[in-house]
Amino acid sequence: MISKESIIASLNNVGPNTLYELSKRLILLIPASFDYVAPRTLDEGVKFLEKQGDDAKVLAGGHSLIPLLRFRLASPKYLVDINRIVGLEYIRESDGYLHIGSLTRYADVEASQLIQSKYQVLSDAAGHIADPLVRNMGTVGGNICHSDPANDLPATMLALGASMVALGSSGERVIPAEQFFVDTFQTALKLTELLKEIRVPVPSAHTGSAYMKLERRVGDFPIVGVAAQVKLNAQGICENVGLGLTAAGPKALKPKGAEASLRGKKPGEKEIREAANLAAQDAQPVSDLRGPAEYKREMIRVLTVRALQRALERARGGT
Amino acid sequence: MNMSRHHISVTVNGNKREADVDSRTLLVHFIRETLGLTGTHIGCDTSNCGACTVILDGKAVKSCTILAVQAEGKEMLTVEGLAKDGKLHPVQEGFWEKHGLQCGFCTPGMLMTSYWLLQKNPNPTEEEIRRGISGNLCRCTGYVKIVEAVQYAAQKMRQPEAPVPAR
Amino acid sequence: MAVEAPVIHEMGHAIKRKEDPRFIQGHGNYVDDIKLPGMLHLDFVRSTYAHAKITRINAEKALAHPGVLAVVTGKDLEAAGLAWMPTLMNDKQMVLPTDTVVYQGQEVAGVVAEDRYAAADGVALVEVEYESLPVVVDPRKALEPGAPVVRPDKNTNAVFHWEAGDKQAVDKTFKEADVVVKQDLYYPRIHVSYMETIGCVAQFDSIAGKLTMWMTTQAPHAVRTVASLVTHIPENKIRIVSPDIGGGFGGKVYVYPGYVVAAVASIKTGRPVKYINDRSEDHQSTAFGRDWYMTAELAAKRDGRILGLRINTTSDHGAFFGDANPSKFPAGLFSICTGSYDMKAAYAEVNGAHTNKPPGGITYRCSFRVTEAAYAIERIVDILAHKLNMDPAELRKKNFVPADKFPYKSALGWSYDSGNYQAAMDKALKKIGYAELRKEQEEKRKRGELMGIGISSFTEIVGAGPANTFDILGLKMFDSCEIRIHPTGTAIARFGTKSQGQGHETTYAQIISEELGLPVDAITVEEGDTDTAPYGLGTYASRSTPTAGAAAAMASRKIQAKAKKIAAYLLEAREEDLVWERGKFFVKGSPDKAKTIQDIAFAAYTNHPPDLEAGLEAVHYYNPPNMTFPFGTYVCVVDIDRGTGEVKVRRFLAVDDCGNIINPLIVEGQIHGALAMGFGTAFMEEIKYDSDGNQLGGNFMDYLIPTAVETPRWETDKTVTPSPHHPFGAKGVGESATVGSPAAYVNAVVDALSHLGVTHVDMPLHPWRVWQILKDKGVAL
C-alpha cells in the first residue's frame with residue numbers, strides 16, 4: 001500500500017499541485033480495492049482513526065480524494081466516510097465566531113445570506129470553486145484538509161484569520177490557520193484526528209473582504225488567487241488586514257509584509273500598490289501550463305490590488 | 001465484519017433497488033452496469049465533464065466521483081426518470097424544441113443539471129444558466145441552443161397551472 | 001454567373017430532429033451501452049516512455065489476479081501476423097509493440113478480464129521494463145540530420161514532401177511586389193475531445209465464423225474492407241456496426257490498435273470483448289489535429305492588390321502516418337490556401353515528419369487540413385493590411401474573387417463552384433456595425449483601453465469527392481443511398497455515411513420528402529450497419545450532404561421515374577402527359593384525379609404494370625462532379641484586460657454561405673458548435689510535450705475545452721449561393737466555422753494590439769501570452 005507520506009513524496013518530486021503532472025504517467029481510472037466504513041458519530045470516527053489512522057483516508061466530499069483513488073495515487077486500506085456523521089453541516093454565528101461545520105458543502109456557503117453579508121471573501125471563493133455540481137458535494141473541511149495550494153479556501157482562511165477545530169481521542173484542539181497548512185497536501189491535523197469545524201472571528205463594523213481568482217477557464221484550478229479582508233476604523237484608517245495567496249507556493253501563503261504595510265494607513269492607490277508589490281515578493285509560484293512563474297507573480301500583484309480595492313469598497317459600505 | 005462488500009438499497013426513479021456492491025464501485029458504474037440504466041454516461045475520468053450527472057437527494061452531482069455505497073438509503077433521479085406518464089419533462093421538451101443537442105452524449109447530464117438548476121432558480125438569467133451548466137461540457141452545440149433550451153423549459157415551468165382550489 | 005436556386009419544399013424547414021426523443025430520454029445506444037452475455041473487458045498497459053526498448057514484460061502477477069483471463073502482447077500478435085496493421089495513408093502502424101515503444105501512452109499489452117475493475121487491476125500488475133531511447137517531439141528537429149529516428153522499421157523521419165503551384169511564377173510576383181510580408185505561424189496540436197471516448201465490442205461467432213464489431217467509427221464500410229484484407233476473414237463474415245456515436249469530429253475515422261486487440265481477444269476466448277478508452281487514455285493515444293509550423297509570405301502592390309502567396313510548412317504526423325487524407329493528398333486540401341482571393345500565383349510546400357507522439361493529423365472538423373490553410377491566408381492578409389495601413393475589410397474586398405468570375409480556377413488549381421464573397425462580407429459588416437466599432441476602438445485607444453475587431457473571410461472546400469481524384473486506400477470517395485418504399489407508403493432509407501450528431505436521420509428524410517413528397521415521419525433513416533447499408537466512405541470532412549445527401553436525391557429521382565410509369569398505368573395515360581406535383585402524379589389539366597405516391601407505392605406491390613418489375617426501390621452511388629466551396633465572413637470583437645491579459649470575446653458574428661439549406665436549425669447548430677471549437681483552439685486548447693515526450697494535456701483537467709461561461713453568444717446570418725453542380729444546390733457546412741473562426745479570434749486580438757506594433761500572436765491566446773506582449777510593449781497595468 002502507498003502511504004500518505006509516499007504519495008506526498010512522489011507528488012513533491014514533480015512539483016506542487018501536480019496530481020495532474022503525475023497522473024499523465026499513470027492511466028488507471030479504477031480505484032484499487034479498499035474497505036469502507038461510515039461512522040455515524042464523530043467519536044466513532046475518531047476511534048476508528050485511532051485504530052487504523054495510518055491505513056485510512058477520510059472521505060468527505062470526495063472530489064479530490066476519489067480522483068486520487070482512481071489514478072491510484074492513493075490506495076488506502078480503509079476509507080472512512082464521514083458523510084454519515086450527523087451534525088457536521090452548519091453555518092452559525094455564536095460567541096464572537098462564525099462556526100462552519102467541516103462537512104458544510106461549498107454550495108451552502110455560497111448560498112448563505114450570513115456569509116454573503118459579512119464574509120464576502122468566503123462566498124466569493126466558495127462560489128467559484130470548480131463547478132456547481134462539484135460545489136454540491138465538496139466540503140469546506142475537505143478543501144482545507146487537502147491543503148492543495150491551488151485550493152481556494154486555505155488562502156481564504158488565512159485572510160480571515162480562521163482557526164480549525166480538530167477532534168482526537170484526547171479531545172479538541174484549536175489550530176490557527178497559519179499553523180494548520182504545513183506543506184503541499186500536508187496539514188497540522190494528525191492522522192488520528194478529524195476536523196470538526198472552522199471558526200472565523202466575527203468581523204467588526206467597517207470590515208470588507210473579497211476573493212479574486214484568475215482562471216484559464218471557469219472551473220479550472222486558479223492561475224493564482226488572492227483573498228483579502230480589511231478592517232477600517234471610523235476615520236477610514238486601516239486597522240487590520242488579512243491576505244492569503246492561492247497557487248503562489250507549496251502551500252497557501254500569508255504575505256505578512258503586505259499586511260503590515262497597510263496597517264495604520266489610510267489605504268489609497270499608492271498604499272494598495274505598495275502592499276500588492278510586497279505580496280508579489282512573497283509569492284513563490286512555479287511555471288506550469290497555467291503560465292510562467294513571472295506572470296503568476298505579477299498576477300499576484302494585480303489581483304492583490306483588485307482584491308484590496310473590492311474589500312475596501314465593501315468595508316466602506318458598498319457591495 | 002466485511003467492509004469490502006456492502007448491501008445497498010437506493011430509490012431510483014421512484015423504485016427501490018437493492019444490490020451488493022464493492023467498496024470501490026463508482027456510483028456511475030452501479031447505475032449503468034448493475035441497474036442497467038445506460039442513459040447516464042461517462043465522458044471523463046477527472047470529474048470535469050458532467051456527462052454522469054444525476055440527482056441524488058435533490059442535488060445534481062457527478063456520479064463518477066461518488067462511491068455506490070455512499071448512495072445507500074438515498075433517492076436518485078436519472079435521465080430515465082425525467083419523463084412522467086409518457087409526457088416529457090419541460091427540460092426535455094426544451095432541448096428537443098431548441099436543438100439543444102447534437103450527438104446526445106452530454107445531453108442526459110445537461111438535462112439533469114438543468115432540471116436541478118430550475119428547481120433551485122425557476123427564473124434564471126442567461127448568465128445564471130451559463131454558470132449553472134458550467135460543470136457540464138458539450139462539444140457539439142456551442143451552448144447557445146442549450147441556454148435557449150433551458151430558457152424554454154423555465155418559461156414552460158412558470159406557466160401557471162390550473163388554479164389550486166383554496167383550502 | 002448567376003445560379004438559380006432549386007425550389008425548396010420540405011427542405012428548408014427548421015423541423016425538430018427525429019433522432020432526439022431517444023437521446024433526451026436516456027435511450028441512445030452508444031457502444032459502452034452494449035452488454036452481451038459473457039462479455040469480457042479489455043484494458044491496456046500503456047507506455048510510460050515516449051521512446052524506449054521493451055526489455056521485459058512480466059504478466060505473472062496479473063494472470064494470477066482473480067478475474068484476469070489473458071494478457072496479450074505484441075509477441076503474441078506477431079505470431080498471428082497482426083503485430084502491425086496498415087494505416088489509411090499506406091503506412092503501417094504497431095498494433096502492439098514487439099520490442100520498441102514510440103510514444104507515451106502507446107498500448108503495450110492488453111489485459112482481458114471478467115469486468116473492467118479486474119482488467120484495471122490486471123493492468124496495474126503487469127510489469128514492464130524499458131530502456132529509454134532518445135526522443136524527438138518537434139517535427140522541425142526531427143527532419144534535421146542526426147535526429148533520433150522514431151521508427152524501428154525506417155531510417156528516416158521524413159514522411160513526405162509535397163508541393164503545389166508554380167514556384168517560379170510566385171518568385172516572379174515577389175520580384176514585382178511593392179510590399180512583401182512574411183510570418184511564422186504555429187497551429188497548435190489539439191485533440192478533438194468528442195464527449196464519448198472511442199471503443200468497441202467485438203464478438204466472434206465461431207460457428208458462423210463471423211466477427212461482429214460495434215465500434216465508434218465514422219467510416220464503417222472502409223473499416224470492414226480493411227479488416228478483411230488484413231485478417232483474411234471474408235468480407236461477408238465481418239459486420240461493423242456504428243451505433244449512436246457521441247461526437248466524432250474526425251477522430252473516429254481511424255482504426256485504433258485497441259479494436260484489433262479486442263477482435264483477437266474475442267476470437268481467442270470465444271466470448272464478446274468490450275474495450276472503452278478512459279478519457280486520459282484517449283487524450284494520450286488517439287488521433288490529434290494540426291501541429292503545423294507554417295511560414296507564409298504574401299507579395300502585393302502598394303494599393304493592396306495581392307500578387308502571390310508562398311507557404312512553407314512542416315507538419316507533425318507522430319510515429320505513424322495515420323492521417324485520414326485522400327490518397328493523392330498527403331497534405332490534405334492545403335492547396336485551398338489562396339482562400340477567397342484572386343491572385344496570379346501561389347506555391348505551397350509541406351514536409352511531413354515522424355515524431356515520438358501518437359499518430360493522427362486529420363481530425364477535428366478540419367476539412368482535410370483546410371483549417372490550417374484558412375488560418376494562414378486569413379492571418380497573412382491581415383498582416384498585409386497592417387503593413388499597408390489599410391483597413392483589413394477593405395483589403396479583402398479589393399482582392400476577393402469577384403462574383404462574376406465563378407466557376408473560378410484558383411492559382412493552385414481548384415475550380416471553385418460558386419461564391420459571392422463581397423455579399424457575405426457586406427452583410428457581416430453592416431450587421432455588426434463595423435464603422436461604429438472602429439470609431440469606438442479609436443476612442444477607447446485614446447483612453448488606453450484595448451479593443452479589437454477581427455475579420456475572417458474564408459473559403460472552404462468540402463464534399464470529397466470526385467472519384468477520379470479522391471480515394472482512401474483506393475476506395476473511391478462516392479457515397480450512397482438506398483431507398484425502399486413499403487406498400488403502405490412509408491419508407492426506409494439507408495446510407496453509406498454515419499451521423500455522429502449531425503442529424504442525418506432528419507436531414508436525409510427531408511431530402512427524400514422533398515423529392516418524393518412523403519412526409520418526413522414516414523421515412524426511417526438507417527446508417528452504420530455494414531450488413532444492411534449500401535457501401536459508402538462515411539461521414540467526415542463535411543461530405544455527407546454533398547455526397548450521400550445528393551445520392552438520396554438521385555435515388556429518389558429513380559424512384560420517381562418508376563413511380564411515373566406506375567402512375568401512367570393506373571391513370572391509363574401516357575407518361576409524357578403526366579405532371580408531378582410534390583407527392584402525386586396527374587394528367588395535365590386533371591389535378592383532381594391524381595395518384596399519390598402512396599397510391600403508387602401500393603400499386604407497386606399489388607397492381608403494377610405487367611411489363612414492370614414489382615417493388616419501388618432504388619439505390620444510388622453518387623460521384624460528385626466537383627467539390628463544393630462554402631464560404632463566409634466572420635467578425636469578432638474582443639476586449640483585453642490590461643492587468644491580466646485575459647481576452648473577452650464581446651461579440652462574434654458568423655455570416656455563412658453553404659448553398660441551399662435543408663434544415664436551418666441543424667445548420668445553425670453545426671455552425672455554433674464549430675465556432676465553439678474554433679474558440680477553444682484560439683484561446684485554450686493545446687497538447688504540449690516536454691522534451692522527454694511527456695504529454696502535458698492528457699486529460700480534461702489539463703486540456704481545457706470551453707464551458708458555457710466563456711463561450712460567446714453566437715450571432716449568425718447567411719447568404720445563399722447554391723452549388724451549381726449539386727442535385728439540390730447544397731454545400732457542406734459542418735466544418736466551416738472551425739476552418740473560418742480561429743483567424744477571426746486571433747485577428748481581433750492582434751487588431752487590439754496593432755497600434756503597439758504587434759503583428760502576430762500564436763494560439764492559444766493564453767492570458768499569460770497576451771500579458772507578455774502587454775508587458776513588452778509597456779502597457780501592462
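Throughout, a chain's letter reflects where its sequence line sits, starting with A, and its residues are numbered from 1.
In this structure, the portion of C:I245 lying under 4.5 Å from any heavy atom of chain B is its backbone and not its side chain. For C:K16, the parts sitting under 4.5 Å from any heavy atom of chain B are the backbone and the side chain alike. Residue B:H29 touches chain C through its side chain alone, counting heavy-atom pairs closer than 4.5 Å. Both the backbone and the side chain of C:E196 come within less than 4.5 Å of a heavy atom of chain B. B:T107 touches chain C through its side chain: at least one heavy atom from C-beta onward sits under 4.5 Å away, while N, CA, C and O do not. Looking at B:T78, there are no atoms closer than 4.5 Å to chain C (heavy atoms on both sides), in backbone or side chain. Residue contact with chain B, scored on non-hydrogen atoms closer than 4.5 Å, involves the backbone and the side chain of C:P706 alike. Contact annotation for B:F105: both backbone and side-chain heavy atoms come within less than 4.5 Å of a heavy atom of chain C. Contact of B:R131 with chain C is made through backbone and side chain together, with heavy-atom distances under 4.5 Å. Proximity to chain C (any heavy atom under 4.5 Å) is shown, for B:L101, by both the backbone and the side chain. Of the two parts of C:Q502, neither the backbone nor the side chain holds a non-hydrogen atom closer than 4.5 Å to a non-hydrogen atom of chain B.
Between chain B and the residues C:A737, C:G501, C:P712, C:A708, the largest count of heavy-atom pairs under 4.5 Å involves C:A708. Of the listed residues (C:R116, C:E710, C:K35), the one with the most heavy-atom contacts under 4.5 Å to chain B is C:R116. Counting heavy-atom pairs closer than 4.5 Å to chain C, the top-ranked of the candidates B:Q92, B:M110, B:E126, B:H99 is B:H99. Ranked by non-hydrogen atom pairs under 4.5 Å with chain B, the options C:D115, C:I276, C:T197, C:L665 are led by C:L665. When each of B:N136, B:L88, B:I129, B:V91 is scored by its heavy-atom pairs under 4.5 Å with chain C, the top score falls to B:L88. When each of B:T25, B:V147, B:T46, B:T40 is checked for heavy-atom pairs under 4.5 Å with chain C, B:T46 comes out on top. Ranking B:L37, B:V79, B:N48 against chain C, the residue ahead of the rest is B:N48, based on heavy-atom pairs under 4.5 Å. Chosen from B:G43, B:G39, B:C103, the residue pairing most often with chain C at heavy-atom distances under 4.5 Å is B:C103. No other option in C:H283, C:E668, C:E19 has as many heavy-atom pairs under 4.5 Å with chain B as C:E668. For the set B:C140, B:A83, B:P108, the entry with the most heavy-atom pairs within less than 4.5 Å of chain C is B:C140.
In this model, a donor atom of one side chain and an acceptor atom of the other lie less than 3.5 Å apart for B:E18 and B:H7. A donor-acceptor pair shorter than 3.5 Å cannot be found between the side chains of C:Y194 and C:T216. Donor-acceptor pairing under 3.5 Å is lacking for the side chains of C:E527 and C:S242.
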ask   = Under the side chain to side chain contact (heavy atoms under 4.5 Å, CB included) criterion, do C:H13 and C:N663 qualify, and how do the steps go?
value = CA-CA 5 Å; C:H13 291 266; C:N663 185 324; over 6 Å; no
query = When you look at C:H41 and C:Y117, which way does the ring pair (Phe, Tyr, Trp, His ring centres under 6.0 Å) test go after all the steps?
reply = CA-CA 9 Å; C:H41 285 258; C:Y117 282 66; 9.4 Å; no
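Between B:H41 and B:G104, the shortest heavy-atom contact is CE1-O, 4.0 Å. In terms of heavy-atom proximity, B:A153 sits nearest to B:L118 at CB-CD1, 3.8 Å.
Aromatic ring pairs are classed by plane angle as parallel below 30°, tilted from 30° to 60° and perpendicular above 60°; the pair C:F679 and C:F683 is tilted. Between C:W714 and C:H672, the ring planes lie tilted relative to each other; the angle falls in the 30° to 60° range.
No option in C:Q500, C:R22, C:H27 other than C:R22 meets the side chain to side chain donor-acceptor pair (under 3.5 Å) test with C:D244.
Residues B:L137 and C:T707 meet the side-chain proximity criterion, which asks for heavy atoms closer than 4.5 Å.
Other residues, nucleotides and ligands place no more than 12 heavy atoms under 6.0 Å from the CZ atom of C:R713.
Aromatic pair C:Y745/C:F652: ring centres closer than 6.0 Å.
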